[in-house]
Amino acid sequence: MTGSDKQILYAFLNAAEDSLDGHRKARPAAEFRDDPAPGSPSCPETGRFASLGEVERAVMGCSACPLAAARTLTVPGEGPQDSRNARVLVVGEGPGADEDASGRPFVGKAGQLLDRMLGAIGLSRQENCYITNVVKCRPPDNREPQPEEASACRPFLEAQIGLLRPTLILALGRTASQSLLSTSEGITSLRGTWREYRGIPVLPTYHPSALLRNEGLKRPAWEDLKEFRARLDSLAGV
Ligand code: SF4
């Protein structure tokens, strides 16, 4: 709600109260501000953290969901810490065994494929792209995160997005896409179609693990990446 809407509502309620009481009451001047835009630096989730480093430290100490019990290391995310450099955010599902052991996202076989895919369109976690997951702790046996685990971890992802304010988001696989976009649509229909997360364009595509299991998905995934690069070029050079 905007500050002026709040002011109008406040005046209306005061007038109604005065009318019921039969006299006009003196009240201190009230100041109203616009609600913060979600994902903006003043969004409550973002406001809890001053930097990505703070988010990472909070993740390391988090035990807000059952995934904390079995993890070796938390996997907050990796990439440039400065929003001027990290113009792209890549969101996956959750850490696997290699990530759980190293504390770094996408370092196993799927991660190496992801690095090659990103490299092919001029992106890398060293220079211009921050990589994270919906949940920051490994789900046992690489199962999908439960909805309550994803929602417990959501404030961290929201804060990362708010602090980075990426130009574009690449959502890897069904879980990340559905979670970010709050939809139950399947990845087959989501992939390659531009969606939005709080004003930021999001392109869902296949998870690199799916590409390792099914070679036939590599071609459509490559088409998605080329589309992603073209949109990025049209918005701002990375
Ligand atoms: Fe906390 Fe997220 Fe790990 Fe759950 S998955 S313990 S919410 S950091």
Side-chain angles (χ1 to χ4, degrees), residues 38-39 41 43 45-46 48-62 64-65 67-68 71-108 110-115 117-118 123-139 142 144-145 149-182 195 197-198 200-209 228 238:
C43 172
E45 289 308 342
T46 309
R48 287 173 55 192
F49 305 102
S51 67
L52 287 172
E54 269 192 25
V55 178
E56 291 169 7
R57 284 189 288 281
V59 166
M60 287 172 195
C62 179
C65 86
L67 296 183
R71 75 184 176 213
T72 307
L73 293 173
T74 56
V75 185
E78 185 172 286
Q81 302 277 310
D82 186 333
S83 65
R84 284 168 302 179
N85 294 329
R87 307 297 298 277
V88 166
L89 178 68
V90 177
V91 183
E93 180 178 302
D98 294 318
E99 292 75 17
D100 178 65
S102 66
R104 299 177 58 212
F106 284 94
V107 291
Q112 289 159 26
L113 175 59
L114 176 65
D115 282 341
M117 290 161 56
L118 294 174
L123 298 174
S124 78
R125 64 179 89 194
Q126 289 79 27
E127 288 175 34
N128 46 22
C129 153
Y130 193 90
I131 300 177
T132 189
N133 285 298
V134 168
V135 291
K136 320 298 189 194
C137 302
R138 183 190 182 199
N142 292 343
E144 284 179 21
E149 294 160 353
S151 71
C153 216
R154 182 84 171 190
F156 296 128
L157 181 59
E158 303 240 348
Q160 288 170 322
I161 294 172
L163 288 161
L164 283 168
R165 283 168 287 140
T167 305
L168 297 179
I169 297 175
L170 186 67
L172 301 175
R174 182 173 61 82
T175 303
S177 303
Q178 290 183 340
S179 176
L180 264 177
L181 302 170
S182 302
R195 307 296 170 106
Y197 171 84
R198 298 183 172 179
I200 302 171
V202 177
L203 189 69
T205 189
Y206 293 115
H207 194 283
S209 300
F228 192 82
V238 170

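Values in this document were obtained by computation on a predicted structure and should not be read as measured data.
In terms of modelled atom types and a separation under 3.5 Å, the side chain of R198 and the main chain of I161 share no donor-acceptor contact. Not one N or O on the side chain of E149 forms a donor-acceptor pair closer than 3.5 Å with the backbone of P145.
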- List the steps and the verdict of side chain to side chain contact (heavy atoms under 4.5 Å, CB included) for I131 and L114. CA-CA 10 Å; I131 300 177; L114 176 65; 4.2 Å; yes
- Determine, stepwise, if the pair F49 / E158 fulfils side chain to side chain contact (heavy atoms under 4.5 Å, CB included). CA-CA 11 Å; F49 305 102; E158 303 240 348; over 6 Å; no
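The nearest pair of heavy atoms linking A171 to V202 is CB-CG1, 4.0 Å. Across all their heavy atoms, S179 and R154 have their closest contact at O-NH1, 2.8 Å. In plain terms, the two heavy atoms of S102 and L73 that are nearest each other are C-CD1, 3.6 Å. The two residues P80 and L164 have their closest heavy-atom pair at O-CD2, 4.1 Å. Residues E56 and P76 share a closest heavy-atom pair of CG-CB, 3.5 Å. Nearest heavy-atom pair, V134 versus C153, reported as atom, atom and distance to 0.1 Å: O-CB, 3.6 Å.
For the pair Y130 and Q81, the minimum side-chain heavy-atom distance is below 4.5 Å. Looking at T74 and C137, their side chains come closer than 4.5 Å, going by heavy atoms from C-beta outward. Within the 4.5 Å cutoff, the side chain of P208 has heavy atoms near those of the L172 side chain. Between D115 and S124, the closest side-chain pair of non-hydrogen atoms is not below 4.5 Å. Using a 4.5 Å cut-off on side-chain heavy atoms (C-beta onward), S177 and R195 make no contact.
One distance of note links CG of L180 with CG of L89; it measures 7.5 Å at 0.5 Å rounding. Distance check: K136 NZ to R71 CZ gives 13.0 Å after rounding to the nearest 0.5 Å. Rounded to the nearest 0.5 Å, atoms CG (L203) and CZ (F228) are 7.0 Å apart. Separating the CG atom in L113 from the CG atom in L118 is a distance of 9.5 Å, to the nearest 0.5 Å. Rounded to the nearest 0.5 angstrom, Q160 CD and L52 CG are separated by 6.5 Å. In this structure, OG1 on T132 lies 9.0 Å from CZ on F106, to the nearest 0.5 angstrom.
Screening H207, E144, E93 for a side-chain hydrogen bond (donor to acceptor under 3.5 Å, both in side chains) with R174, the sole residue that qualifies is E144.
Residue pairs meeting the salt bridge (charged side-chain N to carboxylate O under 4.0 Å, His left out) criterion with at least one partner in residues 94-106, sequence neighbours excluded, are E78-R104.
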